[in-house]
Chemist: 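Let me begin by handing over the structure; questions about it come next.
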Amino acid sequence: MKINLNYTKRIIMTLIVILMMSTCVSFPMKTTGSDEPDFKEMADQLIVLVNEARAEAGLNPVYAVPYLNDLAYVRSRECIAYFSHERLDGSMFSDMIDENLIPWERSYENLAAGMGDIEATFNQWKSSPKHWSAIMNPDVTHMGAGVSYEPNSQYGWYWEQLFVKVWDDVESLPGQYYPDKYRIVPKSAGDMSGDSTLDIFDLTMINQYIAGEITLNPLQLENADLFKDGIVNEVDAMCLNAYLLGQVDHLPITTEEFIALISSKLK
């Protein structure tokens, strides 16, 4: 039987609205503490995108450096108050770099704001020749990245990349590393934390993503799409919630199974 997807989606969304009006449905949302976005992981994933782009262009990867990550985070916080390459005290971003710790010759800074998604932010830089030239500079050897979020600020999200070229005779910097592509690797459909167990924490993460409070890496997004329609939204959260409540015994679920699930709740 051929299914009209647009018609089916309208039916599904109508059923969802009816269900939410007829029952008290609540999704766990972000509170504090451990539910805060993992800015360190987000910064690392930003560096991963840099090295993937450089690899495609035949350029050497750049090392991440903890010290530069710390400076980049400070700069992302400063940009909440003053979005500029110039700092509040009138100095430039490069003045922050201690040459005793990072013996550098040249430095570059990329700033972005407004987007809460890693790849969307990276694409902002990609579409800007000036910013992209810093990312693709063949002389750059090391970098740091920083992310900040301030909901009551002008732009909300603030991102910073700090690139340097070190002296030619410098073999390595303390703590330099190449970030892993995916620090969290889901083990099954619905597993957001990578612990092989489906529980309320996985549901919380999906809802935080829907609310724009956290980002998910590509593997997490693939496993969060429990309705297999190519997007992650409230339908996927309802699918996982139904699984946790024992209302379905497998994930992902089909359109027919989802309609049957919603219909059973309305009886």
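Counting from 1, the numbers follow the sequence of the chain as shown. Hydrogens, waters and symmetry mates are skipped; everything else that's a heavy atom, side chains included, is used.
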Chemist: For the residue pair V62 and T141, establish whether any side-chain heavy-atom pair is separated by less than 4.5 Å.
Modeler: no
Chemist: Would you give the length of the straight line joining atom CD of Q247 to atom OG of S264, rounded to the nearest 0.5 angstrom?
Modeler: 6.5 Å
Chemist: Please lay out, stage by stage, how V248 and C239 fare under the test side-chain contact (heavy atoms from CB on, under 4.5 Å).
Modeler: CA-CA 8 Å; V248 296; C239 291; over 6 Å; no
Chemist: Is a side-chain N or O of D191 found less than 3.5 angstrom from the main chain of K187, in a donor-acceptor match?
Modeler: yes
Chemist: Using modelled atom types and a 3.5 Å cut-off, is there a donor and acceptor pairing between side-chain atoms of D95 and backbone atoms of S91?
Modeler: no
Chemist: Please examine the side chains of Q176 and S172, heavy atoms only from C-beta on, and report whether any two atoms are closer than 4.5 Å.
Modeler: yes
Chemist: Say whether, by atom type as modelled, one donor and one acceptor occur between the side chain of E257 and the main chain of T254 under 3.5 angstrom.
Modeler: yes
Chemist: Can you find a pair of side-chain heavy atoms, one from M143 and one from L162, that are under 4.5 Å apart?
Modeler: no
Chemist: Is the number of heavy atoms from other residues, nucleotides or ligands within 6.0 Å of CZ (F93) greater than 12?
Modeler: yes
Chemist: Is it the case that the ring center of F122 lies less than 6.0 angstrom away from the ring center of W132?
Modeler: yes
Chemist: Will you find, in the side chains of Y158 and S153, an N or O donor that is under 3.5 Å from an N or O acceptor?
Modeler: yes
Chemist: Verify the neighbour count for atom NZ of K126: are there more than 12 heavy atoms of other residues, nucleotides or ligands below 6.0 Å?
Modeler: no
Chemist: If you measure from CG on L244 to CG on L240, what distance do you get to the nearest 0.5 Å?
Modeler: 4.5 Å
Chemist: As a quick check of understanding, evaluate side-chain contact (heavy atoms from CB on, under 4.5 Å) for E150 and R77, giving each step before the final call.
Modeler: CA-CA 9 Å; E150 190 63 47; R77 296 300 302 175; 3.2 Å; yes
Chemist: Roughly how far apart are R54 CZ and I47 CD1, rounded to 0.5 Å?
Modeler: 12.0 Å
Chemist: Looking only at atom types and distance, does a side-chain atom of S76 sit under 3.5 Å from a main-chain N or O of Y73, one as donor and one as acceptor?
Modeler: yes
Chemist: I want to check something: taking the side chain as every heavy atom from C-beta on, are D139 and R106 in contact at a cut-off of under 4.5 Å?
Modeler: yes
Chemist: How far does CG of D202 sit from CG of N241, to the nearest 0.5 angstrom?
Modeler: 12.5 Å
Chemist: I need the minimum non-hydrogen distance between Y67 and D98, along with the two atoms involved.
Modeler: OH-N, 3.0 Å
Chemist: Hey, does the side chain of D236 reach the backbone of N233 with a donor-acceptor pair shorter than 3.5 angstrom?
Modeler: yes
Chemist: Answer yes if the side chains of D44 and Y177 hold a donor-acceptor pair under 3.5 Å, and no otherwise.
Modeler: yes
Chemist: For I97 and S107, work out which heavy atoms get closest and say how close.
Modeler: CD1-CB, 4.0 Å
Chemist: For the backbone of L203 and the side chain of N207, can you confirm whether one donor and one acceptor N or O come within less than 3.5 Å of each other?
Modeler: yes
Chemist: Hey, are the side chains of V164 and I102 touching, using non-hydrogen atoms and a 4.5 Å cut-off?
Modeler: yes
Chemist: Would you please test N51 and Y178 for side chain to side chain donor-acceptor pair (under 3.5 Å) and show each step?
Modeler: CA-CA 9 Å; N51 281 335; Y178 290 128; over 6 Å; no
Chemist: How far does CG of L226 sit from NE2 of H250, to the nearest 0.5 angstrom?
Modeler: 11.0 Å
Chemist: Minimum heavy-atom separation for L198 and G190, please, with both atom names.
Modeler: CD2-C, 3.3 Å
Chemist: Between T197 and D199, is the side chain to side chain donor-acceptor pair (under 3.5 Å) condition met? List the steps.
Modeler: CA-CA 6 Å; T197 301; D199 52 32; 5.5 Å; no
Chemist: Just do the side-chain contact (heavy atoms from CB on, under 4.5 Å) check on Y63 and L68 with the steps written out, would you?
Modeler: CA-CA 10 Å; Y63 283 104; L68 293 178; over 6 Å; no
Chemist: For the pair D38 (side chain) and E41 (backbone), establish whether a donor and an acceptor sit closer than 3.5 Å, ignoring hydrogens and angles.
Modeler: yes
Chemist: For a 4.5 angstrom cut-off between non-hydrogen side-chain atoms, does Y108 reach N137?
Modeler: yes
Chemist: Keeping the roles fixed (side chain from Q220, backbone from M192), state whether a donor-acceptor pair exists under 3.5 Å.
Modeler: yes
Chemist: Say you draw a straight line from CD of E109 to SG of C79; how long is it, rounded to the nearest 0.5 Å?
Modeler: 6.0 Å
Chemist: Just by modelled atom types, is the A43 backbone N or O under 3.5 Å from a matching donor or acceptor in the W159 side chain?
Modeler: no
Chemist: Do the two ring centres, one from F83 and one from Y155, sit under 6.0 Å apart?
Modeler: yes
Chemist: For the backbone of M92 and the side chain of R87, can you confirm whether one donor and one acceptor N or O come within less than 3.5 Å of each other?
Modeler: no
Chemist: Could you check whether any side-chain heavy atom of D225 comes within less than 4.5 Å of a side-chain heavy atom of P252, counting everything from C-beta outward?
Modeler: no
Chemist: Between K165 and H142, is there a side-chain heavy-atom distance shorter than 4.5 Å?
Modeler: no
